[in-house]
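Below you'll find the structure, written out as structure tokens, and then a few comments.
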Amino acid sequence: MSRLLLIAFDESDLNSCGGFATALGLPYDALLLSGNSTVGGEKIFQAGLTAIPTADTVAGLLAVFVHTYSHVAFVSSMRSKDLAARIAGILDAAMITDAIGIESPTTFLRPMVAGAVIATVDAEPPVFITFRPSNFAPAELTAGTVVPMGIEPAPGSKVVKASAKTAGRPDLSQAKIIVSGGKPLKDAATFETVLGGLADALGGAVGATRAAVDTGIAPNELQVGQTGKIVAPNLYIAAGISGSTQHMAGIKDSKVIVAINKDGDAPIFEVADIGIVADLFDVLPQLQAKLPGARS
Ligand SMILES: Cc1cc2nc3c(=O)[nH]c(=O)nc-3n(C[C@H](O)[C@H](O)[C@H](O)COP(=O)(O)OP(=O)(O)OC[C@H]3O[C@@H](n4cnc5c(N)ncnc54)[C@H](O)[C@@H]3O)c2cc1C
């Protein structure tokens, strides 16, 4: 019988699954690795882990657990792809990453070539899927029975330290407003003052290009794009960002893109809804000063 299992790392991850589960239309359960929830389908298996182990230490255990499901789905992220691929490999199952649409329980749409091509992919169950929540109409998960389950990760690699420099800001993947910056932001302190100040005044998140991450201006977890996070805010402010195809692949579902760039020929202006040809160091502080709650 066809049945979906949603695997979520925490409640926020699980809460992004409703649209996909509804669109797939199969009966479903959820497996929550950490945290608690009373919604997630008929059964909500709760592993209650206080620290998420590395994929290699849990994949084998989860493979034993999930093998009865026809579909196993995760919100797309680097760590979910890592885990899903390992379990699919153990079970010799199909895997589809970054699903953005469903034609039937065996046919999915996914982007290729940084979003330039949308592929229609057939996969016979069992199939492991990672999906982009912003491509599915939001829907609530149904309430179900909580089933505690024990997971004893095998000894192996372990996470020694994990840090996320979100400074209390919304998670990038869920944020409604994102202020994002590129290489011209110079250094970490300038990045935080100029972009962080405006983001805080707007109640938004901060994002960065890979060039900004590679040069140490911004932390890795803020990278937006093909090899970073895929975002879909109502407002995306791109300051000092050229508009490479790899960056655009991560922001094209944004409702309104505002670009600020000194170069009027920068590719970002081809996709921006509002373009400002100016120096970001002039524009951003002026914008920030006009907002209530701006840092002095
Ligand atoms: C396999 C692969 C994967 C990649 N994945 C990603 C990814 O996920 N995300 C990503 O972002 N990139 C990714 N890249 C890198 C991508 O190709 C670009 O190099 C990168 O996006 C450029 O970043 P940038 O816009 O900050 O820098 P630049 O391209 O150097 O552009 C800086 C822009 O700022 C403007 N500028 C300069 N000074 C100012 C100022 N004072 N005020 C206003 N504007 C100013 C310039 O005119 C320029 O347009 C990837 C590349 C590869 C090969």
Side-chain angles (χ1 to χ4, degrees), residues 1-99 102 104-108 110 121-133 136 139 141-159:
M1 194 190 77
S2 292
R3 191 168 187 89
L4 165 68
L5 179 69
L6 300 162
I7 298 186
F9 289 92
D10 52 32
E11 296 110 297
S12 132
D13 211 21
L14 184 61
N15 289 337
S16 304
C17 291
F20 177 84
T22 305
L24 187 62
L26 298 177
Y28 62 92
D29 303 315
L31 194 171
L32 188 57
L33 291 171
S34 69
N36 306 291
S37 179
T38 52
V39 295
E42 205 172 305
K43 287 187 185 146
I44 302 137
F45 300 100
Q46 292 192 350
L49 296 168
T50 45
I52 302 292
T54 54
D56 56 328
T57 59
V58 285
L61 293 166
L62 293 185
V64 174
F65 182 76
V66 307
H67 77 279
T68 55
Y69 287 87
S70 59
H71 296 69
V72 181
F74 305 69
V75 170
S76 277
S77 66
M78 287 300 168
R79 64 180 179 171
S80 73
K81 288 174 191 170
D82 187 14
L83 181 56
R86 287 170 191 272
I87 309 173
I90 293 168
L91 297 176
D92 200 16
M95 176 155 163
I96 292 172
T97 52
D98 293 325
I102 300 172
S104 78
T106 55
T107 307
F108 298 85
R110 69 176 300 273
V121 188
D122 282 329
E124 288 304 318
V127 56
F128 283 69
I129 305 149
T130 71
F131 63 88
R132 295 184 181 173
F136 296 91
L141 290 164
T142 53
T145 309
V146 173
V147 183
M149 67 179 281
I151 291 187
E152 286 293 330
S157 54
K158 64 175 183 184
V159 179

Self-check item: Validation row: L31, M149 side chains within 4.5 angstrom (heavy atoms)
Solution: yes

Quiz item: Mind checking what makes salt bridge (charged side-chain N to carboxylate O under 4.0 Å, His left out) contact with E42, not counting sequence neighbours?
Solution: R3

Practice problem: Could you name each residue pair satisfying ring-ring contact (aromatic ring centres under 6.0 Å, His included) that touches residues 5-38, not counting sequence neighbours? | Solution: F20-F131, F20-F136

Quiz prompt | T57 side chain vs T54 backbone, donor-acceptor pair below 3.5 Å | solution = yes

Practice problem: Flag the pair T106 / V127 as yes when at least one side-chain heavy-atom distance between them is below 4.5 Å, and no otherwise. | Solution: no

Practice problem: Go through the side-chain N and O atoms of S34 and D10 and say whether any donor and acceptor fall under 3.5 Å apart. | Solution: no

Self-check item: Minimum side-chain heavy-atom gap P126-V72 below 4.5 Å
Solution: no

Practice problem: Evaluate the side-chain proximity of F128 to I96: yes if any heavy-atom separation is below 4.5 Å, no if none is. | Solution: no

Quiz item: Donor-acceptor pair, D29 side chain versus K43 backbone, under 3.5 Å?
Solution: yes

Quiz item: Excluding sequence neighbours, so at least two apart, what forms side-chain contact (heavy atoms from CB on, under 4.5 Å) with T38?
Solution: V146

Practice problem: Under the side-chain contact (heavy atoms from CB on, under 4.5 Å) rule, what do L141 and L14 come out as? Steps first, then yes or no, please. | Solution: CA-CA 9 Å; L141 290 164; L14 184 61; 3.8 Å; yes

Quiz item: Could you give the distance from OG1 (T145) to CD1 (I44), rounded to the nearest 0.5 Å?
Solution: 7.0 Å

Quiz prompt | Pairs where residues 77-90 contributes a residue and the test side-chain hydrogen bond (donor to acceptor under 3.5 Å, both in side chains) is met, not counting sequence neighbours | solution = S77-S80, K81-D98, D82-R86

Quiz item: Rounded to the nearest 0.5 Å, what separation is found between the CD1 atom of I129 and the CG atom of L24?
Solution: 6.0 Å

Quiz prompt | L26 to P105 - nearest heavy-atom pair and separation | solution = CD2-CG, 4.5 Å

Quiz item: Is the shortest heavy-atom distance from the side chain of V66 to the side chain of L91 under 4.5 Å?
Solution: yes

Quiz prompt | S70 side chain near L4 side chain, heavy-atom distance below 4.5 Å | solution = no

Quiz item: Just how far is it from atom OG1 of T130 to atom CG of L83, taken to the nearest 0.5 Å?
Solution: 11.5 Å

Quiz item: Does any pair with a residue in residues 14-25 pass side-chain hydrogen bond (donor to acceptor under 3.5 Å, both in side chains), and if so which ones, sequence neighbours excluded?
Solution: S16-Q174

Quiz prompt | Minimum-distance pair of heavy atoms, taken over all atoms of A63 and I87 | solution = CA-CG2, 3.6 Å

Exercise. Any chance you could measure D122, atom CG, to T107, atom OG1, to the nearest 0.5 Å?
Key: 4.0 Å

Practice problem: Find the distance between SG (C17) and CG (L6) and round it off to the nearest 0.5 Å. | Solution: 4.5 Å

Quiz item: Tell me the ring-ring contact (aromatic ring centres under 6.0 Å, His included) pairs involving residues 54-81, sequence neighbours left out?
Solution: F45-F65

Practice problem: Find out whether V58 and L33 are in side-chain contact, i.e. whether some heavy atom of one side chain is under 4.5 Å from a heavy atom of the other. | Solution: no

Quiz item: Do Q46 and V147 touch side chain to side chain, with heavy atoms closer than 4.5 Å?
Solution: no

